[in-house]
Amino acid sequence: MSSLRHIGRDLPRPDAPDKATGKALYICDLSLPGMLHGKIKFSEHASARIVHIDTSKAERLPGVRAVLTGENVPEVRFGFMRDNLALKKGRVRQFRDEIAAVAATDPDIAAEAVELIEVEYEPLPAVFCPRQALEEDAPLVHERDASGRPRKSNRLALEVGHATGDLAAARAASRHVVEGEFTTPLIQQSCMGTAGCIARFDARDNLTLWAKTQIPFLAQRDFRGALAAMGLAGRECRVIVPTLGGAFGTGLDTHAYEYIAILLAHRTGRPVKILYDRREEFACLSPRQSSVVHVEQGCDENGKLTFRDVRVLQDNGAYTSWGATYPSVMLLPATSLYQVPVVSFRADIVYTNNTYCQAMRGYGNPELTWAIESNLDELAEVAGIDALDLRRINVNRPGEVTPMGLKVTSCGLEQCLETVGRKLRWSERRGKQRGKRRGVGLASLVHVGGGGRIYRSDGSGVILRFDDYGNVHVSTGAVEMGQGLHAALVVGVAEAVGVRPEQVFINQTDTATCPWDVGTHASRGAYMALSAVMIAAKKAREKIFRFAAGAFAGEVGRNIEKRRKKNPDYRPPDFDLPASLEPEHFDLADGEVFLTAAPDDPALRVGLDRLLRAMHFCRGGDMLTVEAFYDPPTELPDWQKGRGNMSATYAYGAQGAAVEVDTDTGEVTLLGVVAVHDVGRVLNRQTLEGQIYGALAQGIGYALYEEILTERGRILNPGFTDYKIPTVAEMAFPIEVEFVETNDEQGPFGAKGVGEPGLVPTAPAIANAIYDAIGVRIRDLPITPEKILAALATRAERKPR
Amino acid sequence: MKIPLDFQLNGHPTTAEVHPGARLIDLLRDTLGLTGTKEGCGEGECGACTVLVDGRPVNSCLFPAPEVDGSEVVTIEGLAEPGQGLSILQQAFVEGGAIQCGFCSPGMILAAKALLDRNPDPEEGEIRRALAGNLCRCTGYVQIVGAVRAASRKLRASAGEEVR
Amino acid sequence: MRVDDFVYHRPDSVAQAVALLKQLGQGAHFIAGGTDLLPDLKRGRESARHLVALGGLEDLRGVHRQDDGSLRIGALCTLAEVATSPLVREAFPALAEATGMLGAAQIRNQGTLGGNFCRAVPCADTPPICLAADARVLLTDGQRERSVPAREFFVGPRETCRRSEEVMTALVVAPQPEGSGACYQRFTLRGGLALAVASVAARVVLAAGRLEHVDVVLGAVAPVPLPVEACSRLLVGKALDEELLEQAGQAAAEAAQPITDIRGSMEYRREIVAVLTRRALSEAVARAEGRGRYRWEGLR
């Protein structure tokens with residue numbers, strides 16, 4: 001391949017112009033002729049028996065076409081543990097349980113009809129604290145599992161653990177040991193575009209679903225299961241992904257509202273759209289789990305880490321999503337962030353009557369890194385070692401195999417740490433600004449950077465279809481959800497095939513036309529799709545060059561003839577075409593095929609479009625379409641043992657924060673944030689920076705502002721006034737982003753996945769800076785002004801006056 | 001009883017009839033089919049539905065539709081002249097990486113337009129103040145603020161002003 | 001709530017508006033900007049069959065300096081108009097500043113000063129500073145205009161002394177004497193788009209370095225904006241120093257009647273009140289001495 005032309009350039013995203021002009025079509029913008037509007041009746045109790053549902057008034061309301069309850073529809077079971085029903089029957093286990101649904105000709109009529117549904121409940125005991133849920137006499141959230149077997153405890157049968165080395169011996173041999181309990185709150189992903197779908201059946205009962213999903217193919221599989229439950233086994237289920245108004249993990253599962261839309265569409269014979277409003281998005285869509293992480297770490301007299309012991313308690317809520325597999329990713333920081341010889345990890349995931357949870361960006365990693373990196377600063381203080389030095393001493397290095405069995409191909413962590421230290425002016429400022437109530441802190445991360453195998457395939461397919469005009473149409477099962485996948489695909493395809501970026505078009509993700517992909521998560525979108533593109537591009541070039549071997553001479557002849565006609569004085573190039581041309585004589589760049597021996601003479605270059613037409617419109621003609629499927633050389637870990645090389649490469653990074661604390665009010669002001677990430681290779685700097693900035697802002701929200709507040713399972717702040725994602729007003733401090741390019745041997749063009757890392761170490765970096773500023777450690781996110789004042793007051797009481 | 005309205009929409013005289021309780025966003029999206037205006041919260045908490053009424057940004061989800069009678073309304077569909085490509089501000093958002101999922105972009109761009117129309121050379125603090133009512137979950141706002149600054153420079157240059 | 005359940009009325013005069021409301025009786029609401037009412041209607045916290053829109057009442061617009069030097073601010077002035085009005089900035093800059101902190105540009109462009117008063121949300125940002133300035137609220141029933149001290153206007157959360165058929169026409173702020181300074185401080189949990197967890201307005205009049213007059217009014221920590229007489233008693237006749245500031249903060253914290261809710265605990269709100277009181281008073285004094293700066297400076 002010739003030297004890189006497009007990789008690394010700041011090419012504007014292909015999807016941006018439509019988004020800037022209001023032309024992009026999100027789920028809220030789509031409608032179909034005859035479409036009805038669905039609305040769901042949600043439970044008003046966290047735990048209750050449904051005694052009776054009276055739908056008669058709703059059914060009589062003009063415009064209502066169907067009213068469904070768990071009693072009048074087939075049982076559609078779904079969820080990671082198949083413990084959830086599309087419409088609940090007899091029993092509710094959380095406030096947002098779907099107990100009835102309406103389809104009507106107008107959204108307002110549907111809403112009014114839902115109000116007219118009367119439900120009689122008999123409240124049942126409930127449990128909201130995951131610790132209490134583990135007690136022996138705790139009420140069981142589920143009396144039976146999906147296959148009807150009685151359950152004895154609220155603990156999920158999802159064991160994730162790890163043990164390397166002799167923990168007791170390592171603890172005893174440690175010079176310094178610190179432990180702490182760190183908690184994280186329920187967080188809302190807060191997509192600006194709310195959840196929704198449209199379901200439509202054709203006359204043969206084949207289903208098309210426009211869905212806000214990150215996993216079109218796993219969703220298709222789920223929905224086919226629903227069709228089977230409805231007596232429609234074997235019918236087609238086509239999933240089409242419109243423009244997504246953000247996803248951040250909300251699209252990693254299928255949702256009750258989607259099944260309900262399917263049931264309503266089938267019952268009414270008309271397309272049905274369900275669109276959540278913001279309150280429903282907050283109260284009725286699954287947020288990020290809350291967690292309690294207990295961590296203990298030790299080091300020797302030189303600061304070498306001796307052991308790490310981690311216990312996680314994760315509140316699952318009332319049902320189980322893929323998010324319950326968070327501990328699989330928690331294993332990464334637990335076992336592999338810095339070199340730790342002895343590691344113990346155990347996670348308990350517990351049913352409660354709280355809202356059930358699902359994944360969000362970072363997938364367990366921010367929760368654990370928050371605990372480990374905060375605790376590491378405590379260890380540094382106890383050991384009397386500078387916090388940056390402690391991290392330097394234990395830094396991960398390329399070639400390492402970690403206790404989990406992760407094979408570290410490339411690792412720029414040391415350089416990331418050094419850069420963060422330099423940019424923070426660490427040695428000048430750390431521990432030296434307490435008088436000004438200012439401080440600096442930092443934290444690191446390791447994350448999957450080359451896919452994350454938590455399913456039997458971690459693969460991604462791609463189809464490149466070349467048209468008669470030299471354009472390449474790309475079909476992939478990976479999803480653009482705002483992160484810039486299409487931008488990466490455009491430069492990647494242009495680079496790998498040898499066409500101009502404007503010749504590359506990305507098709508809408510559609511299970512009927514795109515090849516399988518496991519889903520856009522684990523920062524794997526660009527990594528996997530581009531890895532597949534590299535294989536497909538190679539196939540395309542081979543085919544083009546094979547054809548060129550026969551057709552090139554004739555086309556060059558026509559080139560020369562044309563020039564002669566225009567200009568009688570034209571002199572053909574002083575180059576003799578070899579008597580027999582071979583495929584390896586050719587190259588393709590900027591949409592033109594040429595000989596590597598004579599790349600510059602325009603007469604000796606043939607447009608790809610001409611060759612493609614020649615290939616197409618001849619006797620025995622052919623068209624150029626290539627496909628490829630890439631499944632990385634990784635292992636599905638053994639979760640009980642917590643071992644397996646789940647990613648083809650690993651992303652590293654370090655972030656630092658400088659803060660000032662107002663000790664009168666407890667307010668934290670960020671003075672600056674530094675983010676340095678080992679990204680393997682920069683594919684598109686602007687898009688990459690956008691990923692880091694955006695993840696950082698979410699990390700800042702996680703650290704300082706965001707929390708879903710609940711009272712006995714009911715959500716108290718279902719809106720942006722009291723669920724405070726950062727606005728541009730708080731983000732008013734310098735953010736420095738820098739990339740370390742380690743050119744990973746596994747990655748496409750050397751790149752690693754980087755969608756999530758920016759969020760992972762943000763909170764502990766800020767917490768560590770706050771401690772540096774005022775000597776107060778908050779172990780409970782978010783770090784609110786009120787918590788800081790309370791901690792300052794407690795410390796003042798403890799200190800003798 | 002529907003209410004007849006007569007107003008300017010993106011420079012065109014427009015008549016429509018609305019329900020008494022209709023919000024401006026309902027008029028734009030449902031009655032007139034201009035879906036570029038997005039509903040993010042319906043309660044004035046996110047700014048995604050921002051449009052300009054008589055040059056001022058308002059949340060169209062809180063604006064009673066009957067009140068636009070006699071006003072001039074500009075939506076995201078009214079920024080680019082047909083056949084002229086994107087406006088300078090839209091182009092700056094595209095080129096500056098200020099757009100990710102794009103759901104907040106129409107409202108964000110209109111809030112920025114109102115600022116630049118009033119003050120072609122805003123300080124960074126003014127930009128932040130003008131956009132504080134527009135939530136974005138994707139970008140961390142860095143490239144959005146950058147795009148507004150870039151647009152400000154370009155607009156002043158195209159107006160013959162010297163660019164700093 | 002169904003959108004087509006409403007009847008929307010657009011009267012041309014105050015008299016017509018009041019007549020309509022009287023005629024329609026219960027279930028009829030005045031609506032100005034609607035930024036607070038519409039979400040409440042949507043959430044079912046309010047119900048209405050008729051909305052009487054005040055938007056067409058030109059008499060209720062504009063900011064004027066009256067003959068006696070007082071400032072008359074029409075109730076239909078948008079919050080943005082108040083915040084940027086040269087007259088308000090000159091005559092009572094602290095009100096312009098407080099109004100400019102509120103909500104976001106979109107809300108300020110649509111919400112009105114009258115709405116901010118008449119909806120009487122305890123955390124509203126314009127009332128405390130107006131109470132501190134002894135402003136008066138003008139109300140009319142179409143025949144008779146009455147003038148109510150802002151201090152008596154608020155009766156409870158979302159409750160005022162305005163009778164349902166009365167329209168608020170204007171707010172009147174008396175001319176500020178020589179040596180005046182005022183400041184509004186609010187504490188929020190986020191920089192943009194935030195509601196006050198606690199707020200404090202302070203107004204002082206200085207004469208020969210001593211406090212001749214002091215008004216401290218708390219917001220968001222009581223059912224209504226709460227004047228703190230104890231602060232006036234403590235400070236009048238004295239020159240402000242650190243110790244007095246501390247005591248004034250304590251007095252305000254003790255006077256506050258905060259509740260615990262999702263934005264903060266009772267105890268925390270008291271602490272914040274003390275801090276904000278100190279800051280508001282010292283800034284008010286600085287401004288009275290001509291040293292203060294207003295937060296819109298540098299902003300056009």
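Proteins come first, then strands; the chains are lettered A, B, ... in the order of their sequence lines, and each starts at number 1. Just so it is clear, the structure is predicted and the values come from calculations on it, not from any experiment.
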Segment of D722(A) engaging chain C (4.5 angstrom heavy-atom cut-off): side chain
Closest-packed option against chain C by number of heavy-atom pairs under 4.5 Å, given V728(A), I725(A), N717(A), T784(A): I725(A)
Under the side chain to side chain contact (heavy atoms under 4.5 Å, CB included) criterion, do Y705(A) and L189(C) qualify, and how do the steps go? CA-CA 7 Å; Y705(A) 307 116; L189(C) 296 171; 5.8 Å; no
A quick test of your reading: do over 12 heavy atoms of other residues, nucleotides or ligands sit less than 6.0 Å from NZ of K57(A)? no
Hey, is CZ on R158(C) packed in by over 12 heavy atoms from elsewhere, all under 6.0 Å? yes
Gap between atom CG of D662(A) and atom CZ of F187(C) - 0.5 Å precision: 8.0 Å
Interatomic spacing from CG in L709(A) to CG in D261(C) - rounded to 0.5 Å: 10.0 Å
Within residues 263-283 of chain C, contacts to chain A at heavy-atom distances under 4.5 Å involve R263(C), G264(C), S265(C), Y268(C), E271(C), I272(C), V275(C), R278(C), R279(C)
Between CD on residue E667(A) and OG1 on residue T188(C), distance to nearest 0.5 Å: 6.5 Å
Contact part of L716(A) toward chain C, heavy-atom cut-off under 4.5 Å: side chain, backbone, both or neither? both
Is I262(C) close to chain A through its backbone or its side chain, or both, or neither, when contacts mean heavy atoms under 4.5 Å? both
Which residues satisfy the ring-ring contact (aromatic ring centres under 6.0 Å, His included) test with H9(C), sequence neighbours excluded? H50(C)
Around atom CZ of R779(A), are there more than 12 heavy atoms of other residues, nucleotides or ligands at under 6.0 Å? yes
Quick check: under 4.5 Å, non-hydrogen atoms only, which of residues 105-119 of chain C neighbour chain A? none
Does some side-chain heavy atom of T721(A) sit less than 4.5 Å from a side-chain heavy atom of L193(C)? no
Choice from A729(A), P785(A), A732(A) maximising heavy atom contacts with chain C below 4.5 Å: P785(A)
Could you work out, with salt bridge (Lys or Arg N to Asp or Glu O under 4.0 Å) as the rule, every residue matching R96(A), not counting sequence neighbours? none
Counting N and O atoms only, with roles assigned by atom type, does the side chain of E730(A) sit under 3.5 Å from a partner on the main chain of G191(C), one being a donor and the other an acceptor? yes
